[in-house]
Structures are given as structure tokens and as C-alpha cells.
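Okay, structure first, notes after.
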Amino acid sequence: MKLIKNGTVLTAESEFKGDILIDGETIMAVGKNLDQLADDMIDASGKYIFPGGVDEHTHFGSFGGRLFETTEAAAVGGTTTIVDFVPQEKGDSLGTAVEKHAAKASGISCVDFGFHSMVMDMQPDTPDQIKELPKHGVSCVKMFMAYKGTPFFMEDISILKVMNESKRHGITMMVHAENPDMISFYTERLKAEGHLAPVNHSYSRPPVTEEDAVRHAIAMAQVADVPLFIVHVSTKGAMEAVREAYAGGQSVFGETCTHYLVLDTSYLALPDFEGAKYVCAPPLRTKEHQEALWEGIDRGWLNAVSSDHCALVGGFEKKKEGLEDFTKIPNGIPGVQNRISVLWSQGVAKGRISKQRFVDLIATTPAKNAGLANKGQIVPGFDADLVIYDPDYRGIITQKDNLEGIGYETFEGFEMTGRPEQVFLRGMLVAENGRFTGSRGCGHRIYAKPYAAAYKHYRPALWAQKYPYLFFNAL
């Protein structure tokens, strides 16, 4: 058995000096005076120990992102579990799509992996397919209000049908909320006026396009009487809409992403087409929105920070498809490697969030959101996914250390206050001081359980109880 001793254990609730005893892949005990039970000891004096990160929002293979061969980037950054969004090819059922995507990760992924479904081909029996998702280890399904004219876009009636069926089977409904018609209006005007540079991507999707869609999604969830999770919240108004809905009794939650907390619209205006590297949807916002998001994650109005990692195959050259037209720049910002370092350096080290809040945002609540039963906490019986973090390390984030495979670093030049010194995946040392030390394919598939965190707060609306014949109430 392995013992990590003399460190300061960080959880979502507390911190304490303690030792962690690992038996194989599992945490056996947390406490003191456990030396006599161990045959391998690791001294973590002066270091923090926290759960391996859970990134609940990645795109390894969707939106043109690189596949799972680059997941070593997650490991060196302290993320030991990813939950990836599954692209659905036309004609495939949701379950078939999951199994196809899982085959691309099996034997390749360097961290544990689970899946969310995405509805990209609304079929007559799509609502019926929802009930099969728990068999595939999927507890969340995502639909897009944006990207009109592509397979991602879904009309309200389709979203409502999937919402209604999801509740019957404990599937959490996730929504990408942007108003597509507003975006089309702004885009056509900008192009007609000859504004084609990357920064215009942001101008074509101003805050109102997200805020309107978030409120509309919340209204649809109220109509269907279902829990709702808003992905990648980027504006103050959208965050406030989530907060108000929750305060009003709806089971509505949301996340934000690392890049929305530290990058602003000035990055989209970088010369020599460099701004294209930062094109994503929703787009980067101004600093006033950043400050609001920091307050939102500190106060719990948003409950997780994901990477929304999408490292495009072809890197910057792929982005150059939009050299003459910002609407042709492929969306996607990579960030799985430095999600944890950025949040610690810009959040904990600067007093914006506590160490406990940090753990909750990067590991504990993301695991709960996704229905991952044995991840995200330092508790006996849980997987021994652990990070020994050196708070005294000082460095600079740079491309030469990046393993995401695209030739540039999203957070180039940002200071690192501390870094993961050792990263353990189910008890195995998989990364040390920025180097991947594990083996390709050491990641296991994780099967999520239905009725995840959003359902813990859900209570059927009074009017839905009064008229049960209108809806299927699973709880």
C-alpha cells in the first residue's frame, strides 16, 4: 500500500494536515499515524494534496478537435478525469454515437473518461433513445440553440421534447444558449460593411445574444418542468439569469470556463490574424463580465469551471480558413492542460476564491454534475485520483511545455503560482513536474449515473403536480 504523508489535504469543505493511504486504485483511509500500514511512502511536506481534477466539458473529436491521443496534457495539468461531448453522425442513434466515440478513447486516453451526448440528428424516435443513455453511462444530454444551418442547431420544439423525456430517466439537460437569429442579423450587417477581421466574431455575438437565449432556455425548462444546466456562461447577464432562476425555485445551474475568467476581447484584436486563436462561442467578453464571473464562481452562482477544450486538428493553420472572413474561422480554444494552474494562480493566489472553493470548482462539483460516483473527493472508497501541488513553484505558462498538440498555448505568458508536482490516477503516478510519466491508454471509461446533481435540488412545480397528465414527472 502507498501512503502520501505530511501534506495539507484540501477538500471542498476544509483543509487539514493528514495522510492518505492508497490500496491499489482506491483511497483506503485518510488520517494520521497510518505509516505501519504502508510499504511505499511519499513525503508531501509543504505541499497541498487535492482531488484529481474533473473537467466536465471537453471536445476531443467534436468541432474538429484532436482526439484522445493528446489527453496526456490533461494529466500533467492535474486533471485525471474528462467528460467528453459525443458527436452524433446523421443516422446514428445516441447510443451508437456514444459507443463509436468510446472506441476512439479506449486504449488511447491517458486519463479516465466519460461522456455526454449531443443531439445533432433529431430523429422521430430521439426522445425514445434518451431512456437508453444510462446503459451507456451517460447522464447528460446537450442541445444547441446556436449554429443555425448546421447539424448542431435545434428548434425549440425538439429541445422541449428531449427535455420532457430526459426528466423521465434522470438525464440532465444541458443547453448551449445563444440566439441564432440575432447572431445572423449582426453577422450580415458586419459583413455587408466589410468588417471581416477576427474581432468581429465578438461583435457578431454581443452579450444580449447569450443573455436572451439563457433566459429563453430557462423558460423552456420551466415549461417542461425539468432541471437545466447552462454550459459555458460568459456574461454577467447570463450568470444573473441562472442565479435568479435558482433563487426562484428552479433547478437551474451553470458553469463557466477558464478562458472567460482571464482572457478578454482584446485578444481577438491581436494583429497578424493572431486573434483567430481565441475565436470560440460564446466569444470572449470585456473585463466587466470577467469580474462578474469571478464573483459568480466565488458565491456559487456558477458551480464549476471547465476548459471547453477544443484543440483543432491543424492548429493555427486550420484557423486560417477564415483569413478573409471571420465567419469561416473554426471555433475552439484549447485549455485542458492549464485549467487548474490558471484557476489557482489567478483565483486562489490573488484572493478571488478560497482553496476550498477551488477544489469544489475543479473537481468535486463537476463530478457531481456529471454523475460520477467515485471521483472528485478525497474519501475512503473513492478512486485514488490525487494531485500533490507545490505552492512555492513559480514559472511562466509557455508553448514549449504544452502537450495539446496544436503549436500554440492559449495562456501564453501567464504566471504560474504553484503547479502540480505529482499527479496520481487511481493510485498510479501519471505525471511529475510537467512531464507525463504514465502510459498511453491507462485511462479507464467511467459510467455516469443518472439523477445527477441537478436532480438533487429538483422539486416538481406546483402547477405540474396539479396537472400531471400534461407531463411525465419522474420524481
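The basis for the numbers below is simple: all heavy atoms, side chains too, and nothing from hydrogens, waters or symmetry mates.
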Can you list the steps and then say if E421 with N433 is a side-chain contact (heavy atoms from CB on, under 4.5 Å)? CA-CA 5 Å; E421 184 176 275; N433 295 322; 3.4 Å; yes
How long is the gap from [atom1] on [X] to [atom2] on [Y], to the nearest 0.5 Å?
X: I333; Y: D308; atom1: CD1; atom2: CG; answer: 8.5 Å
X: S202; Y: D264; atom1: OG; atom2: CG; answer: 10.0 Å
X: M239; Y: E244; atom1: CE; atom2: CD; answer: 9.5 Å
X: D298; Y: R352; atom1: CG; atom2: CZ; answer: 11.0 Å

Verify, without hydrogens or angle tests, whether [X] (side chain) and [Y] (backbone) share a donor-acceptor contact under 3.5 angstrom.
X: S345; Y: T417; value: yes
X: S251; Y: A454; value: yes
X: T410; Y: G335; value: no
X: Q290; Y: L263; value: yes
X: R426; Y: C442; value: yes
X: K368; Y: A453; value: no
X: H232; Y: T256; value: no
X: H116; Y: E56; value: yes

Here the ring pair (Phe, Tyr, Trp, His ring centres under 6.0 Å) pairs for residues 415-446, sequence neighbours left out, are none
Check whether the side chains of [X] and [Y] place a donor and an acceptor atom closer than 3.5 Å, and report yes or no.
X: S234; Y: E210; result: yes
X: E404; Y: T70; result: no
X: D55; Y: S307; result: yes
X: N303; Y: T365; result: no
X: T79; Y: R339; result: yes
X: E211; Y: T235; result: yes
X: D225; Y: Y458; result: yes

salt_bridge(E412, K400) N-O dist < 4.0 Å: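 Salt bridge flag = no for K400 with E412.
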Would you say that N338 contacts S341 through its side chain, given a criterion of any heavy-atom pair below 4.5 Å between the two side chains? yes
Qualifying residue for side chain to side chain contact (heavy atoms under 4.5 Å, CB included) with Q422, from L386, I388, I4: I388
Residues forming a salt bridge (Lys or Arg N to Asp or Glu O under 4.0 Å) with [X], sequence neighbours excluded:
X: D43; result: none
X: R299; result: E295
X: K456; result: none
X: E15; result: K355

Anything under 30° is parallel, anything over 60° is perpendicular, the rest tilted; go ahead and classify F152 against F144.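 It falls in the perpendicular class, over 60°.
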Parallel, tilted or perpendicular, judged at 30° and 60°: which one describes the rings of W344 and F358? perpendicular
Who passes ring pair (Phe, Tyr, Trp, His ring centres under 6.0 Å) against H59, sequence neighbours left out? H57, F63, F85
Answer yes or no: does atom OH of Y246 have more than 12 heavy-atom neighbours from other residues, nucleotides or ligands under 6.0 Å?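 Result for OH/Y246: open.
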Neighbour count >12 (heavy atoms, 6.0 Å) for atom NZ, K2: yes
L261 vs L343, test: side-chain contact (heavy atoms from CB on, under 4.5 Å). Steps then yes/no. CA-CA 9 Å; L261 293 167; L343 193 61; 3.9 Å; yes
For a side-chain contact (heavy atoms from CB on, under 4.5 Å) check, start with the C-alpha distance between V162 and M143, then their side-chain angles and the critical distance, and finish with the verdict. CA-CA 9 Å; V162 172; M143 299 184 78; 3.5 Å; yes
